[in-house]
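Notes for the one structure printed next.
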Protein chains: 2
Amino acid sequence: MTTFGETIKQLREEQNLPQRKVAAYLDIDTSLLAKYERNVRQPSKELIIKIAALFKVNSEALISEALTDKIAYQILEEEADSKLLRVAENKVEYLKKQNNG
Amino acid sequence: MTTFGETIKQLREEQNLPQRKVAAYLDIDTSLLAKYERNVRQPSKELIIKIAALFKVNSEALISEALTDKIAYQILEEEADSKLLRVAENKVEYLKKQNNG
DNA sequence: TACATTTGGACAAATATTGACCATATCAAA
DNA sequence: TTTGATATGGTCAATATTTGTCCAAATGTA
């Protein structure tokens with residue numbers, strides 16, 4: 001299990017690149033990249049796609065990882081029970097049906 | 001399975017109260033209450049507690065229902081697979097351990 | 001030490017969300 | 001069908017949240 005930040009940090013280190021280089025490629029400040037790597041900030045979908053392209057990984061997977069991060073942090077923030085996510089899963093299906101039928 | 005909005009609407013109708021009365025008690029506009037009932041707006045935690053008190057239901061349960069709603073809508077919004085919520089659940093536990101250990 | 005890399009904090013800018021207001025729609029009884 | 005009450009919808013300013021920049025401080029490394 002890894003977070004979005006850990007993932008992109010790992011990808012960067014596999015290539016032996018400093019934040020400076022990756023940040024330059026992405027056209028952002030190094031301190032911002034550092035924040036992404038520690039999940040202090042969440043990059044836009046567009047930037048995630050750029051990151052995926054840079055490291056040649058599947059962009060959808062990276063987007064999903066960012067989304068699961070975001071939701072996990074919400075649960076932590078609210079100090080809620082993670083089992084609520086099972087309720088949420090059922091609710092998604094319920095709402096889908098409601099929208100269609 | 002019910003959404004937060006459906007729940008509070010149901011509670012209101014069980015008491016045969018018009019939105020006008022409930023909104024007055026909560027000190028909000030009726031159109032705002034109508035939006036809560038259709039999940040067009042999300043009430044603050046403070047207001048949820050007021051609502052729980054009014055209908056004499058457990059406020060934590062109502063807060064949880066609002067949270068699962070919010071997450072479910074996020075998944076729908078992103079057109080993501082609801083199974084991602086299982087990943088998120090694991091991630092919560094992972095992050096908890098990371099914060100402690 | 002000197003230099004590169006990474007992190008932290010404060011704050012303005014950009015985004016997103018909410019609530020108020022008012023018009024319109026729906027409904028029920030007379 | 002009119003009347004009056006109830007509920008919904010749309011717009012927009014106010015509020016709240018999130019982001020990105022800037023710069024300082026810390027960490028690492030030769």
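Lettering follows sequence order; numbering is per chain, from 1. Quick caveat: nothing in here was measured; it's all calculated off a predicted structure.
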May I ask you to decide whether R86(B) forms a salt bridge with E89(A), counting only side-chain N to carboxylate O separations under 4.0 Å? yes
Counting only side-chain nitrogens and oxygens, does [X] get under 4.0 Å of the OP1 or OP2 atom of [N]?
X: Q19(A); N: dT7(C); result: yes
X: R20(B); N: dT8(D); result: no
X: R41(B); N: dG19(C); result: no

Nearest to the side chain of [X], which nucleotide is it out of [options]?
X: P18(B); options: dA7(D), dG9(D), dT6(C); answer: dA7(D)
X: R12(A); options: dT8(D), dG8(C), dT6(C); answer: dT6(C)
X: L32(A); options: dT6(D), dT21(D), dT8(D); answer: dT21(D)
X: K35(A); options: dT8(D), dG8(C), dT7(C); answer: dG8(C)
X: R38(B); options: dT19(D), dA7(D), dT8(D); answer: dT8(D)
X: D29(A); options: dT21(D), dT6(C), dA20(C); answer: dT21(D)

Can you tell me the distance, in whole Å, between the [atom1] atom of [X] and the [atom2] atom of [N]?
X: Y36(B); N: dT17(C); atom1: OH; atom2: C1'; value: 11 Å
X: L47(B); N: dT18(C); atom1: CG; atom2: P; value: 12 Å
X: N16(B); N: dC27(C); atom1: CG; atom2: P; value: 18 Å
X: N39(B); N: dA7(D); atom1: CG; atom2: P; value: 17 Å
X: K21(B); N: dA5(D); atom1: NZ; atom2: C1'; value: 13 Å
X: L33(A); N: dG8(C); atom1: CG; atom2: C1'; value: 15 Å
X: E13(B); N: dT6(D); atom1: CD; atom2: C1'; value: 12 Å
X: K45(A); N: dA16(C); atom1: NZ; atom2: P; value: 12 Å

Of the non-hydrogen atoms in D27(A) and K50(A), which two are nearest, and what is the gap between them? CB-NZ, 4.4 Å
Relative to the 5' end of DNA chain D, which residue comes earlier, S44(A) or L17(B), by the nucleotide with the nearest heavy atom?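 Looking at DNA chain D, the more 5' nearest nucleotide goes with L17(B).
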Heavy-atom distance under 4.5 Å between the side chains of [X] and [Y], does that happen here?
X: F55(A); Y: R12(A); value: yes
X: L67(B); Y: I75(A); value: yes
X: E65(B); Y: K91(A); value: yes

